[in-house]
Amino acid sequence: MSARAVVPVVVVLVTALPVLLLCVAQALGPVVRRGRGRADGPRAGAWTWWRRAALVVVLAAVGLTPTVAATQSGGARVGVQLWFVVDRTGSMAAEDWGPGDPVVRAPGLPPVPAVQRLDGVRHDVVSLTGDVPGAFYSVVAFADEAGTQLPLTDDATAVRSWAQTMTQEVTAGSTGTRRDRALDVLHRSLQDAQERDPGMVRLVFYLSDGEQTVEDEQAAPEGAGFADVAALVDGGAVLGYGTAAGAPMRQHDGTLDPDAPYIPDPEDPTRPALSHTDETALREVAAQLGVPYVHRDGPTSTADLVADIDVEAIAADGRADLSTRRDLVWPLALLAGALLAAEAWTWARASSRLRGRR
């Protein structure tokens with residue numbers, strides 16, 4: 001049991017305490033005076049003043065409004081909230097995804113499609129948004145830093161617009177890649193969503209090539225940190241892009257230049273650097289999140305990624321039950337009414353006696 005305090009506690013104390021002390025003093029007054037050898041007493045008997053003290057306490061309790069916990073079955077709204085966690089680092093511009101005109105990366109290496117991994121991300125984000133209509137969508141992107149690109153919204157058009165205008169990070173500002181860079185932002189976002197809408201089914205799709213180029217001594221061990229958010233995730237998938245053979249990446253200065261030079265290899269600037277997808281790391285991330293890993297190598301349908309998601313079955317775990325507080329004012333109101341009725345009866349009786357004497 002707790003108090004909702006409809007009337008501020010300070011107001012209740014300042015109002016009730018002086019009156020309560022007066023009633024108690026009047027109730028104890030005849031005893032004190034008789035102890036001193038005096039026979040005179042107050043107009044009302046001790047019982048009357050104790051009754052009035054009880055009335056003050058009851059009314060003060062009504063002002064504080066006691067409550068008890070209650071559960072409303074099916075009271076929380078049920079639906080789908082879908083998070084896209086998108087890797088925007090330079091490696092996602094590697095040209096080894098899907099269809100496209102083949103290009104030769106270097107002598108001795110086979111040609112690869114000149115389509116960036118980010119093009120695959122764009123396709124899949126738009127496709128998944130259409131596969132889960134009527135959901136709430138959010139986008140968390142990471143490169144040199146992580147942030148929420150799109151807060152939870154039911155506007156599917158906003159998600160498609162973001163996907164179509166998304167670009168890789170500016171090459172000059174790159175500080176390297178870490179797979180778990182978006183983890184803290186994702187964790188906070190999932191927790192906030194769970195607190196606001198506990199009945200919702202939360203899906204997370206992590207889209208990346210899995211490549212990691214920097215290590216952080218303060219970061220969690222490889223893939224381990226994603227287990228922290230697994231309890232907040234009901235489904236989704238880790239989607240991988242790129243090839244193990246690797247592909248070059250064009251530089252990006254913030255402008256749209258399809259003929260921008262390739263990022264040079266640090267060890268041999270005369271050759272373009274190659275980015276290699278790390279499926280082993282992506283499978284580990286998927287295992288930590290408790291979702292499947294799917295390699296995406298072309299613009300195929302994504303409907304099968306969400307086909308097995310049964311919102312009603314997932315929500316049947318009791319999450320749709322709404323925990324509330326129920327006011328317990330009516331018993332106090334009945335008691336206060338009884339005390340007031342006794343007070344009225346006492347006054348009526350005293351008045352009747354006074355008229356009889358006159």
Side-chain angles (χ1 to χ4, degrees), residues 1-79 81 136 152 191-201 311-312 314-358:
M1 181 178 291
S2 61
R4 191 159 60 92
V6 173
V7 180
V9 176
V10 175
V11 174
V12 172
L13 294 177
V14 170
T15 305
L17 275 181
V19 181
L20 179 61
L21 292 175
L22 174 63
C23 293
V24 172
Q26 291 294 333
L28 296 177
V31 177
V32 173
R33 278 188 284 268
R34 280 196 290 268
R36 294 177 180 175
R38 299 181 182 177
D40 58 325
R43 295 180 182 176
W47 184 87
T48 299
W49 287 104
W50 283 121
R51 186 186 64 242
R52 292 170 180 171
L55 179 60
V56 172
V57 172
V58 171
L59 292 177
V62 170
L64 295 177
T65 315
T67 63
V68 293
T71 300
Q72 181 181 351
S73 180
R77 64 174 180 168
V78 177
Q81 295 175 333
F136 292 84
L152 274 174
Q191 280 187 323
D192 291 343
Q194 183 188 46
E195 292 173 359
R196 289 195 306 268
D197 292 300
M200 288 290 186
V201 173
V311 175
E312 294 184 359
I314 296 175
D317 60 0
R319 70 179 62 196
D321 295 342
L322 185 64
S323 296
T324 60
R325 307 293 303 183
R326 182 175 300 167
D327 293 348
L328 279 183
V329 173
W330 68 268
L332 298 174
L334 287 178
L335 181 56
L339 293 172
L340 286 172
E343 187 71 19
W345 180 80
T346 301
W347 277 100
R349 184 181 177 188
S351 242
S352 175
R353 288 178 178 176
L354 183 59
R355 284 196 302 269
R357 289 176 184 175
R358 289 180 180 176

Completion exercise
Correct closest heavy-atom pair for L55 and A336 would be CD1-O, 3.9 Å
Completion exercise
Between the CG atom in L13 and the CG atom in L64, the distance rounded to the nearest 0.5 Å is 7.5 Å
Problem - Spatial distance of atom CG (D197) from atom CD (Q81) [nearest 0.5 Å] - result: 5.5 Å
Completion exercise
Rounded to the nearest 0.5 Å, the OG1 atom of T15 sits from the CG atom of L20 at a distance of 12.5 Å
Exercise for the section: Give, for atom CG of L22 and atom CH2 of W49, the distance between the pair rounded to the nearest 0.5 Å. Expected result: 5.5 Å
Exercise for the section: Could you tell me whether a side-chain N or O of T65 sits under 3.5 Å from a main-chain N or O of V62, the two making a donor and an acceptor? Expected result: yes
Problem - Interatomic spacing from CZ in R52 to CG in L340 - rounded to 0.5 Å - result: 11.5 Å
Handout entry: Minimum-distance pair of heavy atoms, taken over all atoms of P66 and A61
Key = CD-O, 3.3 Å
Fill in the blank from the handout: V56 and C23 have their tightest heavy-atom pair at CG2-SG, 4.5 Å
Fill in the blank from the handout: Heavy atoms of W50 and L28 approach each other most closely as CZ2-CD2, 3.8 Å
